[in-house]
There are 2 protein chains.
Amino acid sequence: MSKRSYGQYCGLARSLDVLGGRWSLLVVRELLDGPARYNRLLEGLPGIATNLLAERLRELEQAGVVQRSLDADSNSVVYSLTPWGSELRGVVTGLVKWSTPLMISGPQSDTFQTHWLSVALSSLLDNKHTDEPRAVGLEVDGTLITVRTDKSGISIALDDDAQPETVLRAEPMVVLGLASGMLTAEQAIAAGEFRGNKKDLADALSPG
Amino acid sequence: MSKRSYGQYCGLARSLDVLGGRWSLLVVRELLDGPARYNRLLEGLPGIATNLLAERLRELEQAGVVQRSLDADSNSVVYSLTPWGSELRGVVTGLVKWSTPLMISGPQSDTFQTHWLSVALSSLLDNKHTDEPRAVGLEVDGTLITVRTDKSGISIALDDDAQPETVLRAEPMVVLGLASGMLTAEQAIAAGEFRGNKKDLADALSPG
DNA sequence: CCGCATCCTCATGGATACTG
DNA sequence: CAGTATCCATGAGGATGCGG
């Protein structure tokens with residue numbers, strides 16, 4: 001029991017032996033957005049100490065959650081999730097959904113990064129679908145998020161070059177409130193500046 | 001940021017602000033089996049320090065995950081999950097499923113308690129159903145677990161007074177291997193002692 | 001007994017400096 | 001850029017005490 005394990009033959013305990021360390025699941029969250037280099041992870045995890053990130057990456061690699069590879073072009077280390085690690089998406093999604101009450105209230109001083117919203121939106125809207133395909137833009141914190149819905153489901157894209165007709169400029173909390181169903185479309189619209197078609201926006205973001 | 005928060009406006013980070021502390025999710029696991037008193041929780045969480053359990057219970061209560069009530073009969077404190085706390089079942093289930101590779105191999109020295117198996121079996125078999133209702137018994141570590149399947153789904157019961165026709169006596173790993181599909185029915189049967197109908201057992205525990 | 005609170009020790013985490 | 005080394009602060013673990 002050197003590396004402080006719970007020492008229990010229980011699925012949850014063994015999962016937490018791997019993922020329960022501080023920052024571990026947040027590292028997984030970053031990598032769910034795709035492979036990333038060390039410094040990119042540092043930026044996405046404000047507050048983490050450099051030694052801790054290195055340690056967590058080593059632990060997760062040894063456990064088989066993360067794999068490191070060498071990018072041929074830049075000749076630098078790239079981290080990504082293994083197939084088994086990618087299966088954590090459902091758990092992360094579940095926690096994001098569960099957190100909705102914590103997002104509506106709570107401290108305003110927390111830092112915010114736009115790509116975190118893409119995880120949250122994927123989670124909250126994951127059973128959303130519409131007969132007519134739509135592409136709606138959200139301008140949050142200077143970044144455009146494109147939400148596409150069709151009958152097969154939804155997809156979230158950051159840094160997309162598409163120019164959707166409808167664009168909402170709003171605060172993260174308003175977007176989350178609308179997506180989680182805790183704000184009505186009218187309340188959300190009243191809280192933001194808009195260009196384009198407001199109804200499209202409400203349709204795209206109201207949970208199915 | 002007094003009580004070490006991640007300080008991120010992100011659903012996963014805020015969930016972990018509440019649940020990420022050591023032992024926190026294991027406390028939730030214990031309470032998913034039903035309300036419990038302090039000493040019962042201590043027994044179910046071997047290795048936890050008494051002050052830590054008290055602290056975690058206070059934190060979880062303040063966050064709205066756990067509620068404490070006073071049992072009228074025994075005049076003692078009883079802990080249970082709030083409705084919001086109960087919504088963590090899906091997350092716990094997801095982690096238990098994800099942990100399967102960790103359960104097949106790994107240290108044999110870990111402690112084991114039968115009621116942990118009931119969480120795991122509920123998770124692994126949750127989409128199981130059969131046209132003809134069955135009740136199959138598993139004798140593990142001296143305790144009888146009854147697995148009932150019908151067309152509406154499955155239910156797991158501990159300390160049941162029912163006497164199912166089929167009873168398996170097997171090691172936890174064998175039960176989990178069969179339930180997760182990592183062991184075939186033949187391999188599982190070869191590894192255990194049996195009374196009754198082996199086929200019923202394999203049918204009941206093979207994932208649908 | 002039950003439900004904690006206190007005290008003490010040591011492992012872990014956090015901040016910063018530094019290096020190939 | 002991708003980490004390692006170092007040092008200090010904090011939290012976990014274990015024993016014990018204590019009122020109800």
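Letters go in sequence order (proteins before strands), and every chain restarts at 1.
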Assess the residue pair B/Arg14 and A/Asp110 against the criterion (salt bridge (charged side-chain N to carboxylate O under 4.0 Å, His left out)); give the C-alpha distance rounded to whole Å, side-chain angles, the decisive distance to 0.1 Å, and a yes or no. CA-CA 10 Å; B/Arg14 291 224 169 158; A/Asp110 284 2; 2.9 Å; yes

Output yes when at least one side-chain N/O atom of A/Tyr6 is less than 4.0 Å from OP1 or OP2 of D/dG13, else no. no

So does B/Arg4 get a side-chain nitrogen or oxygen closer than 4.0 Å to the phosphate oxygens (OP1/OP2) of D/dA12? no

Less than 4.5 Å apart, side chain to side chain, heavy atoms only: is that true for B/Leu144 and B/Leu138? no

For DNA chain C, determine which residues of residues 14-44 of chain A have any heavy atom closer than 4.0 angstrom to one of its atoms, and list them numerically. A/Arg22, A/Trp23

Contacts satisfying salt bridge (charged side-chain N to carboxylate O under 4.0 Å, His left out) that involve residues 167-181 of chain B (not counting sequence neighbours) are B/Glu139-B/Arg169, B/Arg169-B/Glu193

Is it the case that atom CD in A/Gln62 sees more than 12 heavy atoms from other parts of the structure closer than 6.0 Å? no

Sequence neighbours excluded - ring-ring contact (aromatic ring centres under 6.0 Å, His included) pairs with any residue from residues 55-74 of chain A: none

Atom pairs and distances, donor-acceptor, side-chain atoms in residues 33-53 of chain A, under 3.5 Å, two or more places apart:
from, atom 1, to, atom 2, distance (Å)
A/Tyr38, OH, A/Thr50, O, 2.7

Mind grabbing the angle between the end helix axes of the helix from C/dC1-D/dG20 to C/dG20-D/dC1? Five pairs an end, 10° rounding. 30°

Using a cut-off of 6.0 Å, state whether more than 12 heavy atoms not belonging to B/Glu165 lie near its atom CD. no

Verify side-chain hydrogen bond (donor to acceptor under 3.5 Å, both in side chains) between B/Glu30 and B/Trp116, making sure each step is shown before the conclusion. CA-CA 8 Å; B/Glu30 291 299 308; B/Trp116 299 340; 3.1 Å; yes

Pairs in or reaching into residues 83-101 of chain B: which pass salt bridge (charged side-chain N to carboxylate O under 4.0 Å, His left out), with residues at least two apart or in two chains? B/Lys97-B/Asp126

Only pairs at least two apart or in different chains count here, so list each salt bridge (charged side-chain N to carboxylate O under 4.0 Å, His left out) that has a residue in residues 74-85 of chain B. none

Min side-chain heavy-atom separation B/Gln113-A/Tyr9 under 4.5 Å: no

Short N/O separations, protein against nucleotides 14-20 of chain D, under 3.5 angstrom:
from, atom 1, to, atom 2, distance (Å)
D/dG14, OP2, B/Gly47, O, 3.3
D/dG14, O6, B/Asn51, ND2, 3.0

Restricting both atoms to N or O, compile the protein contacts to nucleotides 18-20 of chain C shorter than 3.5 Å, with distance only.
none

Can you list everything that forms a ring-ring contact (aromatic ring centres under 6.0 Å, His included) with A/Trp98? Sequence neighbours excluded, please. B/Trp84

Under 4.0 Å between a side-chain nitrogen and a carboxylate oxygen: does that hold for A/Asp150 and A/Arg134? no

Separation of C/dG14 C1' from A/Leu45 CG (nearest whole Å): 14 Å

By the salt bridge (charged side-chain N to carboxylate O under 4.0 Å, His left out) test, which pairs, at least two apart or in different chains, include something from residues 66-84 of chain A? A/Glu61-A/Arg68

Salt bridge (charged side-chain N to carboxylate O under 4.0 Å, His left out), that's the test. Do A/Glu55 and A/Arg58 meet it? Break it down for me. CA-CA 5 Å; A/Glu55 190 177 330; A/Arg58 244 181 285 124; 5.9 Å; no

Under 4.0 Å from any atom of DNA chain D, heavy atoms only: list the residues of residues 52-64 of chain A that qualify, in numerical order. A/Ala54, A/Arg58

